[in-house]
Amino acid sequence: MKNNNELKRGLEQKHITLMSLGAAIGVGLFLGSASAIKVAGPAILIGYMIGGLAMFFIMRALGEMAVQKPVAGSFSRYAREYMSPVFGFLTGWNYWFIWVVTCMAEITAVGIYMEYWFPGVPRWIWALAALVIMSLVNLIAVKAYGELEFWFALIKIITIIFMIIVGVGMIVFGLGNGGIAVGISNLWSHGGFFANGWSGVLLAMQMIMFAYLGIEMIGVTAGEVKDPAKALTRAIDNVFWRILIFYVGALFVIMSIYPWTEIGLKGSPFVMTFEKLGIPYAAGIINFVVLTAALSSCNSGIFSNGRMLYNLAQQGEAPASFEKISRSGVPARAIVVSAFFLLIGVVLNYIVPEKAFTMVTSIATFAVIWVWAVILISQIRFRKKLSADQAAKLIYKMPFAPYSSYIVLTFLVFVVGIMAYSPDTRIALVVGPIWYAILLVVYYVKKKKSVSPAETNGRERRVDDGATQI
C-alpha cells in the first residue's frame, strides 16, 4: 500500500536536464553580469571558470550521495545522517531561508520588469500575481512544476545560444558591423585582460558564486525523479560544461564586441548586442526573457521551500502538518506556508532601500556557501563510513576524493573571507552567524521539550524505512 506521505516521482529526464540548466542561468547573467565585469574587467571569465569548477566538484559530491540514497530534502538529510542531527536541522532551515530571501527579490523583480510594458500599473499587483500563479503551479502536481520549469529554462537557453551564435558572427564575419570583423581585441585593449588585477577577480567572487546559487537544487528533486541514477548523473555530469558555454561563452562574446568599460552604461549587455544586430524591439525581447528568468527562480524557490519543510517535518524538526501530501502528490501545506512568507516579502520590499538588495544577495551567498560546505563535509563523512569494497561499488563517484573535497572547502572559506572586504557584503558576516545562533537556540530548546526517546526512535525508523536505497 502506498504511503500517503510519500512524494510522487513525477519528474522525468527532460525536466531534470532543463531544470539543472535553468538553475545555472539566473537574472544575474542578463542584468547583473555588468556589475561583475565592472569590478574584474575581462578577467571575470577566469573567475567564472574557477567558480564553475568548484561547483562541478560540489555537485559531484552531492551526486555521489543522491544516487546512493535519493530522498527528499537531500543534503539536509545527508547532514543529519553523516554529520549530526543539529547540522541537518541547521542546513534544512538555512536552505529554506535562502530561497525565501531569493524569491522575495525575484517576485519584486517581476513587478519591475512588467512596468516596462504597463508603466501605470503598481508593481505590487504583478508581484502578487506572480506569487499566486507560481504557488498554484506547484500545488497542482510535481509534473506541472517540471513542465513549466522546462519551458522557462528553454526560453533562456535559446536566447543565450542565439546571442552567442550571432555574436560569433559579428566577431568573425562582421555581422551587423558592415562586414568588418570585430575580432576579440577588446578583451585586452582597454587596460589589459587583467585591467583591475587579480584583486578585481577576487572581489568579484561573491557575485560570481551568487550566480551559481540554485544548481544544488538538483539534489532536492532526488525524491521525485524517475530513475534517479540515470537522471541525476546525466544532469550533474554536464554542469561544468553548461557553465562554460552559458556564462563564459556569453560574456566572452559580449566583451569581445564591446569595450568592457562601456558595458552597463547603456543597460543590459544582451540588449546592446541585440540592438547592434538591428533586431527590432530588442529591449522588449530581453525584458521578456529576464521576466521568465525571474518567474523561473520564483517557481524553483517555492518548489525547494516546500520540499525542505516536508523533509524537516519528516525528521520532527518542523510542524508535523508539513508532512502531509495532497492527492496530487505534493506537500501542499508546506508550499502554502512558504508562499505566505513570500507574501510578507512583497510588502517588506516597499520599505527596504534598493541598496539593501545587494546586502540581501550577500546574505544569501553566505547562507548557500554553508549548504555547499555541508555537502562536501557530508560526502567526506559518507566515504569514511564505507568499507573499501563498498566504496569500490559506488555507482557514481566523487573524482579525486577526498582531496578534491578539502580543496573546494578551502576555496569556500576563502570566498567568505573576501566578503569581509566590501561594506555591502560585510553585513552577511554579521547577519549569517546571528541567524545560525537563533536556529541553534530553537533547536536545543525544542530538543529539551522533545518527545520521549522511544517515540523519537520510532519516527527515525519510519523515516529511514521510507528512504529508497539504490
Side-chain angles (χ1 to χ4, degrees), residues 17-18 20-38 40-49 51-52 109 113 116 150-187 207-208 211-212 214-215 238-297:
T17 301
L18 268 294
S20 58
L21 276 167
I25 307 167
V27 176
L29 177 60
F30 293 101
L31 294 176
S33 55
S35 59
I37 291 170
K38 185 179 179 181
I44 193 71
L45 297 174
I46 292 178
Y48 275 108
M49 284 191 278
Y113 300 142
Y116 175 83
F150 173 88
W151 291 106
F152 277 157
L154 200 60
I155 290 169
K156 293 185 285 186
I157 291 163
I158 290 172
T159 303
I160 294 171
I161 290 176
F162 178 73
M163 200 280 298
I164 291 174
I165 291 172
V166 296
V168 170
M170 293 171 71
I171 292 168
V172 179
F173 305 109
L175 183 67
N177 196 43
I180 302 171
V182 175
I184 60 172
S185 61
N186 277 327
L187 290 175
M207 288 179 276
I208 290 168
Y212 294 138
I215 295 178
N238 293 322
V239 165
F240 181 58
W241 300 111
R242 289 194 293 268
I243 296 303
L244 285 180
I245 293 169
F246 294 114
Y247 276 88
V248 180
L251 295 181
F252 173 84
V253 166
I254 289 169
M255 289 188 292
S256 295
I257 296 172
Y258 298 99
W260 70 272
T261 50
E262 293 180 13
I263 294 173
L265 299 179
K266 300 175 183 177
S268 166
F270 281 75
V271 173
M272 291 167 64
T273 304
F274 276 47
E275 285 179 340
K276 188 159 187 174
L277 286 168
I279 296 175
Y281 312 112
I285 293 170
I286 293 300
N287 196 68
F288 172 73
V289 174
V290 175
L291 174 65
T292 63
L295 288 170
S296 171
S297 182

### Message
To check you understand the geometry: which heavy-atom pair defines the closest contact between Ile160 and Ala250, and what is its length?
### Response
CG2-CB, 4.2 Å
#### Entry: Straight-line distance of Ile161 CD1 to Phe246 CZ, nearest 0.5 Å
4.5 Å
#### Entry: Side-chain donor/acceptor of Tyr212 to backbone N/O of Tyr48, under 3.5 Å
yes
### Summary
In terms of heavy-atom contacts, Lys156 and Ser296 come closest through NZ-OG, 3.4 Å
### Task
Just jot down the side chain to side chain contact (heavy atoms under 4.5 Å, CB included) partners of Val172, sequence neighbours excluded, or say none.
Val168
### Message
I need the Leu154 CG to Ile158 CD1 distance, nearest 0.5 Å.
### Response
4.0 Å
### Task
Report yes or no: does Tyr247 contribute a side-chain atom to a donor-acceptor pair with the main-chain N or O of Ala211 at less than 3.5 Å?
yes
### Task
Might you point out which heavy atoms bring Ile44 and Ile37 nearest each other, and give the distance in Å?
CG2-CG1, 4.1 Å
### Task
Determine whether Ile257 and Asn186 make a side-chain contact, defined as any pair of heavy atoms from C-beta on separated by less than 4.5 Å.
no
Side-chain donor/acceptor pairs under 3.5 Å, residues 277-290, sequence neighbours excluded:
residue: Asn287; atom: ND2; partner: Tyr113; partner atom: O; Å: 2.9

### Query
So, does Ser256 use its side chain to make a donor-acceptor pair with the main chain of Phe252 at under 3.5 Å?
yes
### Message
Is the shortest side-chain heavy-atom distance between Met170 and Val253 below 4.5 Å?
### Response
no
